[in-house]
Amino acid sequence: MLLELFPLVAKGYLEGKRRDEFEAQRVENRKKIAAERAAIKRTRKLKIRDLTLRDGQQSLFATRVPQHEIEKVLPLYKDANFYALEVWGGAIPDSVMRYLNEDPWHRLESIKEVIGDVSHLTALSRGRNLFGYSPYPESVIEGFNKNAVKSGLGIMRIFDCLNDVKNMETTIKYMKEAGGIADCAVCYTVDPKFTKKQRWKALLSGKKLPKKIFDVNYFVNKAKQMEALGADMITVKDMAGLIPPSLSGKIVKRLKQELKVPVDFHTHCTPGYGLGAVLMAIVNGVDVVDTCMLNFAGGPAAPSFEIIQLFADKLGLDTGVNLDSVVAINKELKGIRERIAEFDSYKMFPLEFDITADYLPKEIDALFDKAIELAKADKEEELLAACHAIEKYFNFPEPNEKVKAAEIPGGMYTNMLAQLKALGLEDLLPTVLEKVPEVRVAAGCPPLVTPSSQIVGVQAVNYVLDVNSGKAPYTNVNNQFFNLVKGEYGETPIEIDPEFRHKICGQSEASDYDVNKYQAPENPVLHELGGVKLAENEKEMLLLELFPTVAAPFLKNRKADAYYERVATEEAENQRIIEEKKAAYAAIPLEEKYEMLLRGLYSLAGDSKQATGDITQPKEKESKLDIKTKEMLTAQKPKNRLVG
């Protein structure tokens, strides 16, 4: 009756009542869940590296979370007690300058200031290439790693786009010398898949297509080489989310058997393997797993920490994470996500779930138990089905079937599609995808990770555009593909055909990049901004060397802001002094002003000493002008004392 007569009032009352009842139930649940967790017998530790503030926001929000938003969650992260927080490297240094007009070094230093030594701060870099395409001289590599550690970095995750261990050697060396931890990443990738037509064509031409390259032995051997060079830990880095659960378990198991250093597992959820692959890694003894907080997880990002924590509880594993802080962080992250909605690649929020106060529905809780049993039994298809059902309950995006079928990173797929759309030729995408394996094999079968994935993708598009316009394949070769085939990126997983290299580069033998060709960018004096240099210290010079096209305007703008602020401050100070003098003069009695005036007039013909001394009759002969002036002033002098 009330609902019919006063619908809005009644609706508000009922919603408020339900909300109060819901929160009251949560209070009761919180006590029970805390007691249940306290009763769990934890048999070993599972360390968590939180990726939210770097990989999470890069994967979902194009690295657009500004500094002032980051600062809102830092005190909460300090209380959360994660093993490590990935906060830097990757696209962060470039993006915060390019899009947010912020200093990358300041971001790292400000995070360290709050987090302290509670969690290791970690970053991602590309070995001797750091953040660029061409290798850098040792002085730049040393300077970068030294300053990164000095600014608060604890762990540098080092990878190479070819899995060429030699390209990681100098970064390992300088990171350890600076007091940091060298985390060396083995990049996971898949073998190229060929159509029947391509196989017949290769057979008829007498050129064999490669057999199995990237098997378990390949990844284990690479990891052992990295350990021999001094790696403090090894990460299986599955940047495209292409590693199926069964294989992740096999690789982790072998690594744990054959390495002495800790093993980390990193993946993404794009094609739908992520959660199952992480669970399999955990079951097989991995030391560390990479996750994102609920509101920054799933889709192109890593699996949700909350889901992994629920699995850890059931497996008796101790993550050491303060879950009350996790709830608070997620609340802030939801607000941040709403405020940067224009950059949200999915605009699909996960289920609101308080891990300290919300019970799972019985059927979902049963899915967690089932997934663990399936992982232990290595039943991949059933495990994936269970994991997808769990992710669906939490409202995460469904697997991207196109990326899964293409077996390439999601970023590579979208880049190629964007390239073709810009030309109005998106209908050629299936043909480009068909050519990717052929182009990749011709270039030595590099792993599909930044930047080799982009290089192969761009060249596959060029290949199809050449053929589509009646030209021979490889008529148009992008510069980076040229350098890759030439050998400047390092040693590829399989040898490049000398004839192909000659066709592309004009030489049959591989040649490494000559670092003597490296030229540091100019560091001009900005005369128009007070004569300061564009880069005034080592950190600014490193930004200029690593990101020349982005850092140059960023640094110039900073110098301009500082210069004009200094000018404005000086002008304000001058004006303040003038106003003080005016006020001081206004406060002087009139008789004293009169005497000051006389001293001033007499100083016209005298010196400063005379002007500031007592007014006396000059001993020297006065000029006619002096006599007349004195007579005039004497005649005008009032007889009585002035009052004012």
Side-chain angles (χ1 to χ4, degrees), residues 47-51 54-56 58-59 83-84 86 88-92 122-131 155-165 167-168 171-172 175 181-190 214-216 218-227 229 231-245 247-252 254-256 259 261-271 273-274 277-278 280-282 284 286-292 300-303 407-412 446-454 490 493:
K47 294 178 179 178
I48 305 292
R49 186 191 312 236
D50 178 83
L51 309 177
R54 202 290 294 177
D55 194 278
Q58 182 174 323
S59 297
Y83 162 69
E86 187 181 73
W88 211 60
I92 289 280
T122 82
L124 181 70
S125 75
R126 304 176 196 160
R128 65 174 185 161
N129 289 41
L130 293 174
F131 299 96
I155 302 173
M156 182 70 79
R157 176 171 284 169
I158 310 155
F159 76 98
D160 177 67
C161 71
L162 301 183
N163 276 334
D164 185 348
V165 178
N167 287 340
M168 305 164 74
T171 302
I172 296 171
M175 190 64 191
I181 296 171
D183 171 16
C184 294
V186 183
C187 293
Y188 177 79
T189 191
V190 298
F214 304 109
D215 56 10
V216 174
Y218 171 87
F219 300 112
V220 172
N221 289 337
K222 288 292 179 182
K224 291 168 76 173
Q225 291 172 33
M226 293 172 190
E227 184 183 41
L229 283 177
D232 297 303
M233 61 189 301
I234 295 294
T235 292
V236 179
K237 177 177 165 58
D238 177 24
M239 53 283 160
L242 292 173
I243 188 168
L247 188 54
S248 79
K250 289 181 175 66
I251 293 173
V252 167
R254 282 279 306 278
L255 291 176
K256 288 300 297 173
L259 297 179
V261 297
V263 177
D264 190 332
F265 184 75
H266 170 98
T267 191
H268 293 250
C269 297
T270 317
Y273 294 136
V278 171
M280 281 291 282
I282 293 171
N284 283 277
V286 77
D287 300 286
V288 189
V289 293
D290 293 5
T291 65
C292 288
E407 290 195 315
I408 60 175
M412 179 180 177
L448 296 178
V449 61
T450 302
S452 55
S453 57
Q454 288 88 334

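Atoms considered below: every heavy atom in the structure, side chains included; atoms not considered: hydrogens, waters and symmetry mates.
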Chemist: Rounded to the nearest 0.5 Å, what's the gap from CD1 on Ile158 to CG on Asn129? Could you check?
Modeler: 13.0 Å
Chemist: Looking only at non-hydrogen atoms, find the nearest pair between Cys269 and Pro303 and report the distance.
Modeler: SG-N, 3.5 Å
Chemist: Would you check if Val216 and Leu247 make a side-chain contact, meaning some heavy-atom pair closer than 4.5 Å?
Modeler: yes
Chemist: Rounded to the nearest 0.5 Å, what separation is found between the OG1 atom of Thr267 and the CE atom of Met280?
Modeler: 13.5 Å
Chemist: Can you give me the closest heavy-atom contact between Phe265 and Ile243, atom names plus distance?
Modeler: CZ-CG2, 3.7 Å
Chemist: Nearest 0.5 angstrom please: Ile48 CD1 to Asp264 CG, how far?
Modeler: 9.5 Å
Chemist: If I compare all heavy atoms of Arg54 with all of Ala91, which pair ends up nearest, and what's the gap?
Modeler: NH1-N, 4.4 Å
Chemist: Do Cys187 and Cys161 have side-chain heavy atoms sitting under 4.5 Å apart?
Modeler: no
Chemist: Where is the tightest heavy-atom contact between Val289 and Val278, given as atom of each residue plus distance?
Modeler: CG1-CG1, 4.0 Å
Chemist: Which atoms form the tightest heavy-atom contact between Ser125 and Thr171, and what is the distance?
Modeler: OG-CG2, 4.4 Å
Chemist: Show your working on side chain to side chain contact (heavy atoms under 4.5 Å, CB included) between Arg126 and Thr450 and close with a plain yes or no.
Modeler: CA-CA 9 Å; Arg126 304 176 196 160; Thr450 302; 3.2 Å; yes
Chemist: Report yes if some heavy atom in the side chain of Met226 is under 4.5 Å from a heavy atom in the side chain of Ile234; otherwise report no.
Modeler: yes
Chemist: Is the side chain of Ser248 donor-acceptor paired with the backbone N or O of Ala277 at a distance under 3.5 Å, no angle test?
Modeler: yes
Chemist: Can you tell if the side chain of Lys224 reaches within under 4.5 Å of the side chain of Leu259, non-hydrogen atoms only?
Modeler: yes
Chemist: Between Val236 and Val186, is there a side-chain heavy-atom distance shorter than 4.5 Å?
Modeler: no
Chemist: Should we say atom NZ of Lys47 is surrounded by more than 12 heavy atoms from elsewhere, each under 6.0 Å from it?
Modeler: no
Chemist: Does some side-chain heavy atom of Asp287 sit less than 4.5 Å from a side-chain heavy atom of Lys256?
Modeler: yes
Chemist: Between atom CG of Asp55 and atom CZ of Arg157, what is the distance when rounded to the nearest 0.5 Å?
Modeler: 8.5 Å
Chemist: Could you tell me if the side chain of Ile155 sits less than 4.5 Å from the side chain of Tyr83, heavy atoms only?
Modeler: yes
Chemist: Under 4.0 Å between a side-chain nitrogen and a carboxylate oxygen: does that hold for Asp183 and Arg49?
Modeler: yes
Chemist: Drop me the distance from Asp290's CG to His268's NE2, to the nearest 0.5 angstrom.
Modeler: 8.5 Å
Chemist: Could you go step by step and tell me if Leu255 and Val220 meet the side chain to side chain contact (heavy atoms under 4.5 Å, CB included) rule?
Modeler: CA-CA 6 Å; Leu255 291 176; Val220 172; 4.1 Å; yes
Chemist: Whether the side chain of Thr235 engages the backbone of Ala185 through a donor-acceptor N/O pair (distance < 3.5 Å, no angle test) should be reported.
Modeler: no
Chemist: Is there side-chain contact between Tyr188 and Lys237, with heavy atoms separated by less than 4.5 Å?
Modeler: no
Chemist: Where is the tightest heavy-atom contact between Pro493 and Tyr218, given as atom of each residue plus distance?
Modeler: CG-OH, 4.2 Å
Chemist: Going by atom types alone, do Asp238 and Tyr273 pair a side-chain donor with an acceptor below 3.5 Å?
Modeler: no
Chemist: Between SG of Cys184 and CE of Met156, what distance do you get to the nearest 0.5 Å?
Modeler: 11.5 Å
